[in-house]
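Below is one structure, written out as structure tokens; the observations come after it.
Note that this is a predicted model, so its numbers are computed, not measured. Below, chain A is the first sequence line, B the second, and so on; all start at residue 1.
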There are 2 protein chains.
Amino acid sequence: MAKDMTLLWGSGSPPCWRVMIALEEKNLQGYNQKLLDFAKGDHKSPEVMAMNPRGQLPAFKHKDLVLNESYGACMYLENQFKSQGTKLIPDCPAEQAMMYQRMFEGLTLHQKMVDVIYYTYKVPEGERHDSAVKRNKEALTAEIKLWEGYLQKGSGSFMAGKTFSLADVVVYPGIAYIFHFGLCEERYPKLAAYYNSLKVRPSIKASWPPTWLDSQGQDTLKDI
Amino acid sequence: MAKDMTLLWGSGSPPCWRVMIALEEKNLQGYNQKLLDFAKGDHKSPEVMAMNPRGQLPAFKHKDLVLNESYGACMYLENQFKSQGTKLIPDCPAEQAMMYQRMFEGLTLHQKMVDVIYYTYKVPEGERHDSAVKRNKEALTAEIKLWEGYLQKGSGSFMAGKTFSLADVVVYPGIAYIFHFGLCEERYPKLAAYYNSLKVRPSIKASWPPTWLDSQGQDTLKDI
């Protein structure tokens, strides 16, 4: 029981979800946790600010050690609990290299996804341009095609090859996110197969965003 | 001699510099390398595209394993050459947690720096707004103040505490970059002390951007 860990999180947020998958994979259930609501501005509440002065979720700590950056938290958990649960960094140099490469490319996918989905949230009204919206959509389309190609040419069912690794922990929530936001499964069959096959993995099923369970997805990305 | 490694790089680029510092720290000198020129568009050349289809530098490989993402390359090198050169991941859980936290916060610092320095390069003429420029500058100022505070409250001379770690490998090039672009040393004394003290570290001295040696810095960030 991970009673010495605390996670403040928001439903659907890929960074929060990454940490939750890592905790499940490392058999670190039973941590203190609190589901907060971005829509209510909970992430700017004194409770969050005290743990994460950036006012972002996740806010995560192990004992008094703060790990609010989701990639950092996942790597820390793997490093501190190496022999517990799933081994998340493959020994094979080729799979390891691929894992690190895909993990950090995942940040680009995330950024391009955010640029499209949250354009009106992030860009003030007087600064919005149709040309920027179009360019962001084209950039996201090119990015998603790249990932479809990675899975097509890949040597296994996972992001880095034949074993589930940190690359899946950090990238899967983003892939699920784009499908939740309407990405067409027929147009991206490899990504859809990856998305659907991992839905039933215990760590992912256990941490599935609760607000997604009883709601339809959105169609923001249906034309991508 | 790291004859089985190849690095294509650009002078001054923080991502390229990170990989070069990691290589020096791990005693992996003598790798194949080629200095390319962003201004000439070398990063979109067939030579780079063949190694890094994103058309970005660094392009790095070990044998036939591709690690173009700078954070990924640094982590891979530490993992594959654990007992060689500097140990870059501290064993102490507190320093390790701090290292992972600062490493990934470093990406936010980098993004906010790029948003200011490369605004006119990244945003097409018809889409530029003074209000965005102002907001980006304010965001960068707040970010840099955060880092000044981290060093003020820190328990050692390095980003994660008393020992040089991956946090320094990946964040130092960004700190050097903001000073090169005119950040005021008097206004940020802790960051300036950190910047100047690490200048003489062999790995950093050996990989100092050659184009910075014989040129004045710029003053883009003098009012930050």
Out of A/E105, A/Q96, A/E127, A/R135, return the one with the most heavy atom pairs under 4.5 angstrom to chain B.
A/E127
Around A/K44, counting heavy atoms of other residues, nucleotides and ligands shown, do more than 12 lie under 6.0 Å from its NZ?
yes
Work out which heavy atom in A/Q80 is nearest to a heavy atom in B/D91; give both atom names and the distance.
NE2-O, 4.5 Å
Using non-hydrogen atoms only, which part of B/M75 is less than 4.5 Å away from chain A: side chain, backbone, both, or neither?
both
Between B/Q101 and A/E69, is there a donor-acceptor pair closer than 3.5 Å when you use the side chain of the first and the backbone of the second?
yes
Hey, which of B/N79, B/N68, B/D64 has the most heavy atom pairs under 4.5 Å with chain A?
B/N79
For atom NZ of A/K122, decide whether the heavy atoms of other residues, nucleotides or ligands shown that lie under 6.0 angstrom number more than 12.
yes
How many angstroms lie between atom OH of A/Y76 and atom CD1 of B/I89, to the nearest 0.5 angstrom?
13.0 Å
About how many Å separate OH of A/Y100 and CD of B/E78, when rounded to the nearest 0.5 Å?
9.0 Å
So does B/K87 have more than 12 non-hydrogen atoms from other groups sitting under 6.0 Å from NZ?
yes
Might you work through the side-chain contact (heavy atoms from CB on, under 4.5 Å) test for B/R128 and A/H129, ending with a clear yes or no?
CA-CA 10 Å; B/R128 293 177 201 153; A/H129 296 273; over 6 Å; no
Portion of A/T108 that has a non-hydrogen atom of chain B nearer than 4.5 angstrom:
side chain
Looking only at B/A94, B/G72, B/G126, the option with the highest number of non-hydrogen pairs under 4.5 Å against chain A is B/G72
Residues of residues 137-145 of chain B with any heavy atom under 4.5 Å of a heavy atom in chain A
B/E143
Any chance NZ of B/K61 has more than 12 other-residue heavy atoms, nucleotides or ligands included, within less than 6.0 Å?
no
Report the option among B/P124, B/A97, B/A132 that has the most heavy-atom pairs separated by less than 4.5 Å from atoms of chain A.
B/A97
